[in-house]
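A short write-up of the structure that comes next.
Counting convention: from 1, in listed order, for ligands and their atoms alike.
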Amino acid sequence: MSYKIRNKEDYAASYKKSIENNSDFWEDIAQNFTWFKPWNTVMECDMKEASFKWFDGAQTNITYNCIDRHLEQKGNQTAIIFEPNLPTDKALQISYNQLHENVCKMSNVLIQMGIKKGDRVAIYLPMIPELAYCVLACARIGAIHSVIFAGFSSGALSARINDASCKMVITSDGSYRGNKTIDLKGIVDEALKDCPCVQNVLVVERTNTEIKMIKNRDHYLTPLIEAASSVHEAQAFDSEDPLFILYTSGSTGKPKGMLHTTGGYMIYTAYTFNNVFAYEEKDVYWCTADIGWITGHSYIVYGPLLNGATTLMFEGVPSYPNAGRFWEIVDKFQVNQFYTAPTAIRALAKESIDYVNKYELSSLKIIGTVGEPINEEAWQWYHKNIGKEKCPIVDTWWQTETGGILISPLPHISPQIPTFATNPLPGIQPVLMDQSGNESSENNVVGKLCIKRAWPSIARTIWGDHQRYKETYFTAFPGYYFTGDGAKRDSSGMYRITGRVDDVIIVSGHNLGTAPIEDAINEHEYVAESAIVGFPHDVKGNALYGYVTLKQDIENKELLKKEINQLISEKIGPIAKLDRIQFTPGLPKTRSGKIMRRILRKIAEGDFASFGDISTLLNPEVVEEIKNGKI
Ligand code: PRX
């Protein structure tokens, strides 16, 4: 690859060129890939209409670039290492040749089941190799994959399946997570009661649990794969053909299906993977995320494979069978780049250091974090105990919407400043907006983080709702992409992301919109209304605090709390359960009826000192009552 940033001068020159001559910059990078037809234009960008096109007119196939292109030189090199949940079970090393064979067979199975270009396929699988095969097979035949994290409940699953009218669901009989076995197929059966669009369900056998198979709808994958041909020629698709939909939370109950397209996403994830992780040939790279999230899409599957890398997939959890599991895997496969979430670091830092010291970790060269701000203490623990004070930490800031990493240190190039994501990558122009909505030109400022110009992997729309896409990201600051995050720029121009400034709360690295949780609670027959806020938690980063107003007083409040959390589990998933629930006589509201979350946040944090002026509230007396209720 000729797009490696090797030193500070390289970075400065790349950045300068990317700003002054954006199209030429990306065109040079795109030359590193196989295109079946060249582009007419490099980019067309309309920030007002939120309309973006990259490499328009060109044709390619992203899986050809991920797999076929490497076969001649790297056919026998490991593409994917699969480490199962149980350490005593056998790991798999899947070569590029084997990956090719599996993806071709899977593509033929999908075609045989009637899946065509543009059809949506929901994938609800644990972290097993079939998940990667299915994602890549969809991309190979032009079907749009919609991976739904296998921790979501049946309600969340059916909402996502219906939103995109998925024609097929791919799931497994069950999944292993630590010492638990989860009945995935049962959850799918429940979800599909409400999904008339689904014609077929493919079932991967993982746990061999007894499941119900519905005739003519459900099919075990194994016999289909065994019968399928391993010959499949990658089709040519337009650069702007949809690649996948991935849902993220928003400020209304309806999840937002972010749509990513092919060519721009391909070159951006490849370029950023290579440079942010300073990937060298033969390195073993491990990202601990789930492919159900954008991190897994871009930096377990696409980015690494586009670079011909060896990427590790882990089925289990960091705490099982004990808190040394991650470090055991690092030594076992001599992992060179390790990428995880601050919440995992905080959880593991609480355990005995013996779990770390049992392992050498000497193979590690670069360690990274993603998904939420990392606190200084966790950063220092990671640096000292995992990086052994020699591995640069890449604190990578980005979003489902951005497709790839936008702000991150580059190893051995950017300064190491704890808790700072530091520099924008080439092609990215971050700006901070001040209180009056203008760009701050100074350093040493805080503001709302926006991006000035589009980059190749920016989401193209919200599936089925372009208006919502425009309103959410492009109207707060006309002409800019608004991230929903706040940030600080220090005196040397380095960025530190401080957290969300909207109704999204990040709990253990998962984005949770307050609206869908409130909607779930409000469905309880005794609940009149509710409001959710976040409060600091030493492992999860934030935990959820729910204020709930009842229609009438109820005696057994403990039971009611359990029922509320049960409802949330059913509607969204266990990740959205509330840590604390307080029953309140009312919720503080403005005269226009808007809930004053700022005050509720302060009470949840235990900060009773300064609520600001509450005299203009519709019901100021309720603040005192809530405060007293908490104490
Ligand atoms: O608030 C930011 C936070 O995660 C949000 C995006 O969440 P999601 O779409 O689920 O994607 C997560 C994985 C890319 C952002 O708006 N976030 C992500 N990375 C960082 C971060 N906050 C601080 N520092 C980071 N490195």
Side-chain angles (χ1 to χ4, degrees), residues 147-149 151-152 244-251 255-260 265 268-269 272-273 276 287-300 302-303 339-346 367-376 378-379 382 393-410 414 416-425 428 430 446 448-451 457-459 462 472-473 476 481-488 494-513 534 540-542 573 575-576:
V147 183
I148 298 153
F149 174 59
F152 275 121
F244 65 85
I245 300 169
L246 187 59
Y247 287 86
T248 188
S249 305
S251 54
K256 294 180 287 192
M258 305 312 308
L259 181 77
H260 284 281
Y265 177 84
Y268 194 80
T269 52
T272 50
F273 170 78
V276 170
C287 165
T288 70
D290 192 290
I291 294 177
W293 308 114
I294 191 69
T295 309
H297 280 58
S298 302
Y299 298 109
I300 295 179
Y302 289 113
Y339 189 31
T340 197
T343 186
I345 298 168
R346 287 191 296 264
I367 55 179
T369 71
V370 59
E372 53 180 320
I374 184 165
N375 49 312
E376 167 108 30
W379 194 99
Y382 198 35
I393 294 183
V394 288
D395 175 353
T396 64
W397 174 83
W398 58 297
Q399 310 177 297
T400 305
E401 296 84 338
T402 69
I405 299 167
L406 299 197
I407 307 181
S408 171
L410 293 176
S414 316
Q416 285 281 293
I417 318 171
T419 79
F420 274 69
T422 69
N423 296 123
L425 296 184
I428 306 303
V446 290
K448 291 185 175 165
L449 179 64
C450 290
I451 312 289
S457 65
I458 187 172
I462 292 176
T472 310
Y473 304 102
Y481 166 80
F482 174 46
T483 64
D485 281 325
K488 172 192 164 113
M494 300 291 152
Y495 287 88
R496 172 171 194 264
I497 315 302
T498 46
R500 303 289 311 186
V501 292
D502 58 5
D503 289 343
V504 172
I505 304 170
I506 304 186
V507 178
S508 299
H510 300 310
N511 271 17
L512 297 173
K540 299 180 187 180
N542 294 297
I575 49 172

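- Listed by number with element, the atoms of ligand 1 under 4.0 angstrom from any heavy atom of Asp395 are 24 (N), 25 (C), 26 (N).
- Tyr268 and Trp398 have their aromatic ring centers separated by at least 6.0 angstrom.
- Within the structure, ligand 1 has Gly371 among the residues with a heavy atom less than 4.0 angstrom away.
- More than 12 heavy atoms of other residues, nucleotides or ligands lie within 6.0 Å of NZ in Lys540, so this atom counts as buried by the packing criterion.
- When non-hydrogen atoms are compared, ligand 1 lies under 4.0 Å from the backbone of Thr400 as well as from its side chain.
- Those atoms of ligand 1 with a heavy atom of Trp398 less than 4.0 angstrom away are 6 (C), 14 (C), 15 (C), 18 (C), 19 (N).
- Contacts between Ile506 and ligand 1 below 4.0 angstrom, taking non-hydrogen atoms only, involve the side chain exclusively.
- Checking Tyr339 against Thr396 by side-chain atom types alone, a donor-acceptor pair falls below 3.5 Å.
- With ring centers used as reference points, Phe152 lies 6.0 Å or more from Tyr247.
- Ring geometry for Phe244 against Tyr302 counts as parallel: the plane angle stays under 30°, on a 0 to 90° scale with 60° as the upper cut.
- Ranked by closest heavy atom to atom 23 (C) of ligand 1, the top entry among Ala289, Pro373, Gly541 is Pro373.
- Counting heavy atoms from C-beta on, the side chains of Arg496 and Ile417 never come closer than 4.5 Å.
- Of the candidates Thr402, Thr419, Asn511, Asp485, it is Asp485 that places a heavy atom closest to atom 15 (C) of ligand 1.
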